[in-house]
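Structure, as structure tokens:
Since the structure is predicted, the reported quantities are computational estimates derived from the model, not experimental observations.
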Amino acid sequence: MTDITSQQPPPATGHPVPPPPTAPSTREDLRAVMAARRDLGPEYEDALVDSFLDKLDVEIAARIRNEVAAQLRHQPPGPPVKQKDSAVGVAMGSLALGIPLTGIAVANAGGPGLLLAWGGIIAVNFAYAVSRRSQR
């Protein structure tokens with residue numbers, strides 16, 4: 001069986017990556033588990049294996065965190081993220097709603113209805129503009 005990590009080149013150098021050496025503490029822990037199994041017998045085997053796997057999980061997680069941190073340090077910064085401007089959507093929505101509201105307001109209430117409909121549209125746009133200004 002071959003080690004997959006030894007076949008993949010790292011992004012920065014292009015050279016094969018040797019498999020990471022097993023930490024001395026992991027080797028010692030495994031030897032201790034095997035010795036404890038001999039001393040305690042097979043009835044403690046599951047508990048010993050679970051204990052060893054828990055320690056191994058902690059070590060693997062630490063290695064992954066270190067590797068990700070190292071890669072992030074060597075990664076060039078990407079292009080700045082452009083935020084979508086929703087002001088255009090609010091303006092277009094106001095115009096789209098303004099047309100039928102104008103017709104309904106004028107048909108039902110005449111001039112005062114027209115002023116009330118467009119006053120509401122202007123108030124919504126003004127409130128949106130004020131909220132955007134306070135977020136900056």
Got a sec, which residues hit side-chain hydrogen bond (donor to acceptor under 3.5 Å, both in side chains) with Tyr44, two or more places apart in sequence or on another chain?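 For Tyr44, no residue satisfies side-chain hydrogen bond (donor to acceptor under 3.5 Å, both in side chains) once neighbours in sequence are set aside.
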Let me confirm one number: the OH-OG distance from Tyr128 to Ser94, rounded to the nearest 0.5 Å.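 One gets 10.5 Å once the value is rounded to the nearest 0.5 Å.
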Calculate, to the nearest 0.5 Å, the distance between atoms CG and CG belonging to Leu101 and Leu116 respectively.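 If I round to the nearest 0.5 Å, the distance is 10.0 Å.
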Using modelled atom types and a 3.5 Å cut-off, is there a donor and acceptor pairing between side-chain atoms of Ser51 and backbone atoms of Ala47?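 No, the answer is negative, given that no donor and acceptor are paired below the 3.5 Å cut-off.
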Looking at residues at least two apart in the chain, or sitting in another chain, which of them share a side-chain contact (heavy atoms from CB on, under 4.5 Å) with Leu30?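 With neighbours one apart ignored, the set is Met34, Phe52.
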Please list all pairs meeting salt bridge (Lys or Arg N to Asp or Glu O under 4.0 Å) that have one or both residues in residues 39-57, counting only residues at least two apart or in different chains.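 Sorted pair list: Arg37-Glu45.
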Identify whether [X] and [Y] are in the same connected component of the hydrophobic contact network (ILVMFWY, side-chain heavy atoms under 4.5 Å).
X	Y	value
Ile64	Leu56	yes
Leu53	Val33	yes
Val90	Ile121	no
Ile60	Val49	yes
Ile104	Ile122	no

Worked verdict on Val130 versus Phe126 for side-chain contact (heavy atoms from CB on, under 4.5 Å): CA-CA 6 Å; Val130 169; Phe126 181 74; 3.7 Å; yes
Exactly one of Arg63, Gln71, Arg65 should register a side chain to side chain contact (heavy atoms under 4.5 Å, CB included) with Glu67. Which one does?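 Only one option passes, and that is Gln71.
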At their closest point, which heavy atom of Gly113 faces which heavy atom of Ala105, and how far apart are they?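 Looks like O-CB, 3.2 Å.
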